[in-house]
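Quick notes on the structure that follows.
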Amino acid sequence: MKLKQLDRLGMGVFPTPFEPMPRLQAELGGPKLFVKRDDLTGIALGGNKIRQLNYILVEARKKKADYVITTCGVQSNWSRQTAALAAKMGMKALLVLRTAQFKTKPKIYDGNILLDHILGADVKVIDMKISEDPTPILEQEAEKLRKKGHKPFVLGLAASTSPLATAAYAYAFLEMAEQARATGANLDAVFVASSAGPTQAGLILGAKIMRQSTKVIGVNVGAYPEERMRDVILRSSEGAAKLLETRARVTPDDIIINSDYAGKDYGISTEESVEALKLIARTEALIVDPVYTAKTVACMVGMIRAGEFRAGQNVCFVHTGGIPALFPYREEFQPGR
Ligand SMILES: Cc1ncc(COP(=O)(O)O)c(C=O)c1O
């Protein structure tokens, strides 16, 4: 497959493993099950953002920035992975983190925010919902740093939905399809947690590039309405296709979003997600997180139980990481609950 190779930092461990899930498969019946281990991208407890930031942060390196400023929620995987790559690049990270689903500032650092601090990031927590826009605060912080003689590189909210983030997952689809083929499997469906949308967008674009009919089922984790997700997926995949110099295009009909497992809100567990988190741990020793990947496994399990896939089909869970966020949810998983 001739695809333009975009510049990347070359950090992390790729390709990530692609493994069968025989015990979960035996438990559920029906299709063959696989997992793509993007929880193992190799830096500071991994996750999908390591793949994406490998392309996005090339510009920071080119501009010789000494600070990267970004934003998300207090238990943000994006921010932790930005802080990790910044550390490896010899830059400082400044994270403006919104209280989001936790509503109050943390009394004690745990999970991702603890790792942010350990990784040497400057952390600023603000009372703000995940749907609100902190861009003006990022700009103010950048200005303060410029006045002190620093060269900040701002990764605003748009960075996480950018064509580069999407292109990273188009490459990931190619990587995964090749691994699947080596085991004799053609993927009929993949399940991925979808929030802002570029990870799913990239996987759909990758399937289009390879002319594979794989269904890429984006599991809505409740952060954004479906229309916004569809819009981001269309725009970012169009941008990524241009960057990759491919004629493949994602159309509205290619976008499958399942919102049935989102529950009440982003970051709020459901009965199904709690069950799925324990089920995949107890059959495959795979640890997933309550915010993204447990809802994704819940959707996959729910659809298999409903008979949506048959024996002989190949289904893959794309594990996008997020494991550090499990620990702040410890109360939900105590014995007897
Ligand atoms: C663990 C995990 N999975 C999936 C996603 C969703 O990625 P995207 O924002 O590309 O939809 C994120 C990021 O928000 C994440 O942290």
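Just follow the structure's listing: the first ligand is 1, and inside any ligand the first atom is 1. These numbers come from the heavy atoms of this one structure, side chains and all, not from hydrogens, waters or symmetry mates.
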**Item:** Cation-aromatic face contact Arg330/Phe327, 6.0 Å, 45 degrees
**Value:** no
**Message:** Strictly below 4.0 Å, N to O, side chains only: are Arg337 and Glu331 in salt-bridge contact?
**Reply:** no
**Partner of Asn48 by side-chain hydrogen bond (donor to acceptor under 3.5 Å, both in side chains), out of Asp38, Thr199, Thr293, Asp39** = Thr199
**Prompt:** Does the pair Arg23/Glu27 count as a salt bridge with the N-to-O cut at 4.0 Å?
**Reply:** no
**Prompt:** Ion pair present between Arg305 and Glu272, side-chain N to carboxylate O less than 4.0 angstrom?
**Reply:** no
**Item:** Set of residues that line ligand 1, where lining means a heavy atom lies under 4.0 Å from it
**Value:** Asn48, Lys49, Asn77, Ala193, Ser194, Ser195, Ala196, Gly197, Pro198, Thr199, Tyr292, Thr320, Gly321, Gly322
**Stacked cation flag Arg37 on Phe18, 6.0 angstrom / 45 deg** = no
